[in-house]
Amino acid sequence: MGTLLIKNAEIITMNRANEIIIGDIFIKNDTIHSIGTELNPNRADKIIDAKNRTVIPGFIQTHIHLCQTLFRGKGDDLELLDWLKKRIWPLEAAHDEESIYYSAMLGIGELIQSGTTTIVDMETVHHTEFAFQAIAKSGIRALSGKVMMDKGNDVPIGLQEKTSDSIQESVDLLEKWNMFDSGRIRYAFSPRFVISCTETLLKEVKNLSEAYNVKVHTHAAENRKEIEIVQNETGMRNIEYLDYLGLANERLILAHCIWLNEREKKIIKEKGVHISHCPGSNLKLASGIADIPDLLSMGVSLSLGADGAPCNNNLNMFNEMRLAALIQKTTYGPTAMNARSVFEMATIGGAKAVGLENEIGSIEVGKKADLVILNLNNFHTYPSYDVDPISRIVYSASRDDVETTIINGQIVMENKVLKTIDKDTILYEANRSIKRLLKRADFI
């Protein structure tokens, strides 16, 4: 990878001192080697002049479905369970190896272009190997896993699996991909949600997560009908049931958590569970608005995710930050969810969720070089004089302001040109793939 010097930038460090400095960043291989002023340019293989640019930690999205990117626009105007049963599950069941690969690449291209450098990704039942191949080639940092679903009503044949097969395939993928490329790729067990998983499977996921020391990524308390089904089947609400199974711990990442009672909030806080807040998806599916200000006041670990392309319909962290801030203000008042708290969720909060707060999420010496260079010199982000730069990013900036994205010390996009993904090929293959899947799912 060599050495890289970023010069003359406004650097939003997100370190413990919350420093914002004007200076240089020297990167050696995959790591931030030094931060300062007038660092020696002769030490660098490459120099990026970032004068009048802003450098931030790469965004960390803790709930993504790369396998669903091809379905953008195919699941509009439905609530969660209908959305799954009528559109998403049939399309996931229609996937093949090639379509999974191009769906992942399509999503990753969008993520990199909008400044996301790390994701927590949940795939579908089959062909997850090809999503991992896309992740490996693209350079993005990811925790990913095969979705697990060994029970449920109205599940297409193509998504039905035996408990033993689900577990074995997950372990095989873990043993191949976990810690790939010096830890850039990691595995996360990914049971879909309680109503798709037997108790036997969930108990084994708990045991395997503990044995391999890897994360568990699932959905919980997203929809009131979902909660009703879980209560009827188990006699408990979602979080109580996950706690009963031993899954509620610091390795668990829960997407959504909109409908929590006080006991569930207490379990989440006391057990160190991480919540991925997905405001765009929650609004589009009419699922509700999570009580994030209350969870923040409790000290719960919170981060952000766009969810999947067919329930958002984009993977843009700038949208998620703005929504996360604005939707709470009508209930909690204008000071709720200020720009800094939301930006923390998008960066260091995501790092804590994935257990990598000592490696990513802020710009500090010794951390991985996961950085984004923004050009905020535009009508929609001015004036800049005497304005908090984090406010400019959360409330005014857009993905169009992302100029360069660096992951693990590798420039994956420079001056808006993708370096690891052939855009024209991916767009062509995306259309070719979805046409094939729609026909296979009998939608055309």
Side-chain angles (χ1 to χ4, degrees), residues 58-69 71-72 75 80 83-84 88 92 103-104 107-108 110-111 114 116-124 128 131 135 140-148 186-194 196 214-223 226 238-239 242 247 251-260 268 273-285 287-290 292 295 300-321 323-324 342 345-347 349-356 361:
F59 294 130
I60 300 166
Q61 295 211 41
T62 52
H63 186 57
I64 293 288
H65 294 269
L66 291 178
C67 66
Q68 293 177 6
T69 319
F71 313 155
R72 195 192 319 265
L80 175 67
W83 177 84
L84 285 170
I88 303 307
E92 282 192 19
S103 186
I108 294 167
E110 180 184 1
L111 289 158
S114 53
T116 291
T117 56
T118 298
I119 57 170
V120 181
D121 169 49
M122 180 183 290
E123 287 300 314
T124 188
T128 300
I135 291 166
I140 199 164
R141 190 180 303 279
L143 283 74
S144 185
K146 169 195 131 52
V147 85
M148 307 172 80
R186 299 174 188 236
Y187 197 84
F189 286 103
S190 303
R192 186 156 223 142
F193 55 173
V194 169
S196 285
V214 299
K215 296 287 184 176
V216 176
H217 173 212
T218 189
H219 305 82
E222 180 179 0
N223 175 281
E226 163 215 344
N238 288 47
I239 312 305
L242 293 172
L247 279 163
R251 292 186 300 277
L252 182 62
I253 301 171
L254 294 179
H256 307 300
C257 290
I258 300 168
W259 303 104
L260 302 174
I268 287 168
V273 174
H274 309 277
I275 293 177
S276 180
H277 177 40
C278 306
S281 169
N282 297 163
L283 292 173
K284 185 163 187 280
L285 292 173
S287 297
I289 298 175
I292 299 302
L295 292 165
V300 169
S301 172
L302 291 162
S303 52
L304 291 171
D307 205 344
C311 64
N312 192 300
N313 286 21
N314 62 66
L315 308 179
N316 178 3
M317 183 62 99
F318 290 93
N319 280 5
E320 300 310 308
M321 288 192 296
L323 284 173
V342 172
M345 290 170 64
T347 55
K352 290 175 181 176
V354 298
L356 295 175

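Under the side chain to side chain contact (heavy atoms under 4.5 Å, CB included) criterion, N314 pairs with R72, E110, N312, N316, N319, R399, not counting sequence neighbours. The ring-ring contact (aromatic ring centres under 6.0 Å, His included) check on H256 picks up H63, H219, with sequence neighbours excluded. The side chain to side chain contact (heavy atoms under 4.5 Å, CB included) test applied to A351 returns I60, I348, E357, I360, not counting sequence neighbours.
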Report task. Just do the side chain to side chain contact (heavy atoms under 4.5 Å, CB included) check on K215 and H274 with the steps written out, would you? Result -> CA-CA 10 Å; K215 296 287 184 176; H274 309 277; 3.6 Å; yes
Query raised in the report: Does the side chain to side chain contact (heavy atoms under 4.5 Å, CB included) test come out yes or no for L356 and R186, once each step is laid out?
Result: CA-CA 11 Å; L356 295 175; R186 299 174 188 236; 3.5 Å; yes
Requested in this report: Test side chain to side chain contact (heavy atoms under 4.5 Å, CB included) on Y187 and T128 and set out the steps.
Outcome: CA-CA 11 Å; Y187 197 84; T128 300; 5.5 Å; no
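Residues D307 and Q68 bring no donor and acceptor atom of their side chains to less than 3.5 Å of each other. Using modelled atom types and a 3.5 Å distance limit, the side chains of T124 and E92 yield a donor-acceptor pair.
In this structure the side chain of L260 reaches within 4.5 angstrom of the side chain of I239, judged on heavy atoms. The closest side-chain heavy-atom distance from F189 to M148 is below 4.5 Å. Residues L143 and D121 are not in side-chain contact: their nearest non-hydrogen atoms beyond the backbone lie 4.5 Å or more apart. Here the side chains of E226 and N238 are in contact, with some heavy-atom distance below 4.5 Å. Between F59 and S114, the closest side-chain pair of non-hydrogen atoms is not below 4.5 Å.
Atoms CZ and OG1, from F193 and T218 in turn, are 8.5 Å apart once rounded to the nearest 0.5 Å. Distance check, rounded to the nearest 0.5 Å: SG of C278 to CG of L283 gives 11.0 Å. Taking CG from L254 and CD1 from I275, the interatomic distance works out to 6.5 Å, rounded to the nearest 0.5 Å.
Between L304 and S276, the shortest heavy-atom contact is C-OG, 3.9 Å. Between V300 and V273, the shortest heavy-atom distance links the atoms CG1-O, 4.3 Å. Of all the heavy atoms in I140 and T116, the pair that sits closest is CD1-O, 4.1 Å. For L323 against G280, the heavy-atom pair with the smallest separation is CD1-CA, 3.6 Å. Contact between H217 and A188 at its shortest, heavy atoms only, is CB-CB, 4.4 Å. Summarising the geometry of A290 relative to C257, their closest heavy-atom pair is CB-O, 3.9 Å, with the distance given to 0.1 Å.
Within a 6.0 Å radius of NZ in K352, other residues, nucleotides and ligands contribute 12 heavy atoms or fewer.
With T69 contributing its side chain and L66 its backbone, the two residues share a donor-acceptor pair below 3.5 Å. A donor-acceptor contact shorter than 3.5 Å is absent between the side chain of E123 and the backbone of H65. Formation of a donor-acceptor pair under 3.5 Å by the W259 side chain with backbone atoms of A220 is not found in this model.
Of the options V120, I135, I119, a side-chain contact (heavy atoms from CB on, under 4.5 Å) to S144 is made by I135 and by none of the others.
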